[in-house]
Trainee: 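Once you've had a glance at the structure underneath, I'll fire off some questions.
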There are 2 protein chains.
Amino acid sequence: MASNSRLAIAIHTAGMLAFGEEMPITSTMIAKSVNTNPVVIRRIIGSLVKHGLVEVKMGTGGGSKLAKPASNISIAEIYLALEEGEIFHVPDLEESHGCPVAKLVRPVLKEIFGDAEDGLIAKLRHKTLQHVIDELRMELPADFCLKKLSNG
Amino acid sequence: MASNSRLAIAIHTAGMLAFGEEMPITSTMIAKSVNTNPVVIRRIIGSLVKHGLVEVKMGTGGGSKLAKPASNISIAEIYLALEEGEIFHVPDLEESHGCPVAKLVRPVLKEIFGDAEDGLIAKLRHKTLQHVIDELRMELPADFCLKKLSNG
DNA sequence: ATTTAATGTAACTATTCTTGTTACACACTC
DNA sequence: GAGTGTGTAACAAGAATAGTTACATTAAAT
């Protein structure tokens, strides 16, 4: 893959929103923290909004915040919200393809890959966003990062 | 496709070797079945050989065959043999990065992603290559595809 | 020995995906 | 109305995957 860092950015983003509690956080603030462009953040937040994980307020003083408690958001939800394609791809064969077995193997592979992804998602379901935040809080005072960002 | 189809090709390849029993199958035959280039197949077979799943004989009448019974090869082994990178990527931050929380989140994310991939591999461990073949054999006579390929 | 058929591998191209960037319309606060 | 923020389209850049060509090497067959 042109390696998939969207999930990492999405979790980082959601984590910042959780730190921010009710205060709306702007895409620019998050972009600075992740070291990327605000539009990249907005695109990801758009997916999170679409799936009811985040709320956005437009205009001056606007920004994003979590739509529900961090303890109620699993990493699986974030993963699924991104609507990434399948992890493993089964290449297409031309219609004119000679070998019928090659065609029959496709559904078998799809089933295997589906199962595998289910296993992955099951693991992600066990971790909540709160989990992630707690691990961070153990190392730093809660609002450290946000103060930094607000001060420029 | 920039999406990952190597695993699909690897399973397809290993499946053909299993069908072929002791008879060595050439990369060209497999490439025809998968509808790709022989070099692509050889690269994948190289990985399988490196991990003891396949044996190769060079020269005229050469080709590949399984190094052990299909019932003794899990899809997880094939997946791991390919030595693909991590499924999810945690983007790097510059040294000069201002926000310390952003740095602390990286190991947390890596742990989550590691767990997730473990879940995926665990699922793949439950399916063997024999499994795949059995599902195919239910639909076609065993040597159908190989005959086709041999006859051009 | 020579021919033939296979692999191994390097080097390059093509394609496609992801990410980054710019630009601008729209929304909201003051 | 000025300022600040989002949403989104369109494009540019960068990176990874896949495909191709070319050739050295190995081994069987005649």
Side-chain angles (χ1 to χ4, degrees), chain A residues 1-10 12-13 17 20 23-32 34-50 54-65 67 82-94 149-150 152, chain B residues 1-10 12-13 17 20 23-32 34-50 54-65 67 82-94 149-150 152:
Chain A
M1 282 183 245
S3 229
N4 208 351
S5 58
R6 292 187 79 221
L7 182 55
I9 296 177
H12 188 132
T13 296
L17 301 186
M23 169 185 162
I25 315 281
T26 68
S27 60
T28 302
M29 288 165 71
I30 299 167
K32 266 183 198 157
V34 183
N35 198 33
T36 184
N37 192 291
V39 175
V40 172
I41 302 299
R42 283 184 222 147
R43 287 203 272 242
I44 286 173
I45 287 180
S47 296
L48 301 180
V49 168
K50 185 176 163 192
V54 167
E55 284 167 2
V56 168
K57 203 174 119 193
M58 294 191 71
T60 302
S64 311
K65 65 188 180 93
L82 296 181
E83 293 179 354
E84 302 274 327
E86 295 155 346
I87 295 172
F88 302 116
H89 188 242
V90 183
D92 289 327
L93 296 172
E94 288 153 15
L149 286 168
S150 302
Chain B
M1 322 155 215
S3 198
N4 208 353
S5 59
R6 292 187 78 221
L7 181 55
I9 297 177
H12 189 132
T13 296
L17 301 186
M23 170 185 163
I25 315 280
T26 69
S27 60
T28 302
M29 288 164 71
I30 299 168
K32 267 184 198 157
V34 183
N35 198 32
T36 184
N37 193 290
V39 175
V40 172
I41 301 298
R42 282 183 222 146
R43 287 202 272 242
I44 286 173
I45 287 179
S47 296
L48 301 180
V49 168
K50 186 177 162 193
V54 167
E55 285 168 0
V56 168
K57 204 175 119 194
M58 293 190 71
T60 303
S64 310
K65 65 189 180 94
L82 296 181
E83 293 179 354
E84 302 275 329
E86 294 154 347
I87 294 171
F88 302 116
H89 188 241
V90 183
D92 288 327
L93 296 173
E94 288 154 13
L149 287 168
S150 302

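Chain identifiers are assigned alphabetically (A, B, ...) following the order of the sequence lines, protein sequences preceding nucleic acid strands; residue numbering begins at 1 within each chain.
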Trainee: What is the separation between atom CD1 on B:Ile41 and atom C1' on D:dT20, rounded to the nearest whole Å?
Mentor: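 Roughly 14 Å, once rounded to whole Å.
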
Trainee: To the nearest 0.5 Å, tell me how far A:Ile9 CD1 sits from B:His89 NE2.
Mentor: 10.5 Å

Trainee: For B:Lys50 and C:dG8, give me the distance from atom NZ to atom P, rounded to whole Å.
Mentor: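 Rounding to the nearest Å, NZ of B:Lys50 and P of C:dG8 are 14 Å apart.
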
Trainee: What's the separation between atom CG in B:Leu48 and atom NZ in B:Lys50, rounded to the nearest 0.5 Å?
Mentor: 11.5 Å

Trainee: Is the backbone of B:Met29 close enough, under 3.5 Å, to the side chain of B:Thr26 for a donor and an acceptor to pair up by distance?
Mentor: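 At least one qualifying donor-acceptor pair exists.
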
Trainee: Could you check how far CG of B:Asn4 sits from C1' of C:dT18, rounded to whole Å?
Mentor: 15 Å

Trainee: A:Asn35 has an atom CG; how far is it from atom P of C:dG20, in whole Å?
Mentor: 8 Å

Trainee: How many whole angstroms separate atom CZ of A:Phe88 from atom P of C:dC17?
Mentor: 18 Å

Trainee: Take atom NE2 of A:His89 and atom P of D:dT17, then tell me their distance rounded to the nearest Å.
Mentor: 14 Å

Trainee: Take B:Glu84 and B:Asn4 through the side chain to side chain contact (heavy atoms under 4.5 Å, CB included) test and state the conclusion after the steps.
Mentor: CA-CA 9 Å; B:Glu84 302 275 329; B:Asn4 208 353; 3.0 Å; yes

Trainee: Hey, what do you get for OG1 (A:Thr13) to CZ (A:Arg6), rounding to the nearest 0.5 Å?
Mentor: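 So the gap between those two atoms works out to 10.5 Å.
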
Trainee: Separation of A:Glu86 atom CD from C:dT16 atom C1', in whole Å?
Mentor: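 So the two atoms are 17 Å apart, to the nearest Å.
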
Trainee: Take the protein atom CD1 of A:Ile87 and the nucleotide atom C1' of D:dA16, then report the distance between them rounded to whole Å.
Mentor: 17 Å

Trainee: Could you tell me the separation between the OG atom of A:Ser5 and the CD atom of B:Glu86, rounded to the nearest 0.5 Å?
Mentor: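 Answer rounded to 0.5 Å: 12.0 Å.
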
Trainee: Could you list, one pair per line, each protein nitrogen or oxygen that sits under 3.5 Å from a nitrogen or oxygen of nucleotides 5-11 of chain D, together with the distance?
Mentor:
from	atom 1	to	atom 2	distance (Å)
D:dG5	O4'	A:Gly59	O	3.3
D:dT6	OP1	A:Ser27	N	2.8
D:dT6	OP2	A:Ser27	OG	2.8
D:dG7	N7	A:Arg42	NH1	3.0
D:dG7	O6	A:Arg42	NH1	3.2
D:dT8	O4	A:Arg42	NH1	3.4
D:dA10	N6	A:Arg43	NH1	3.4

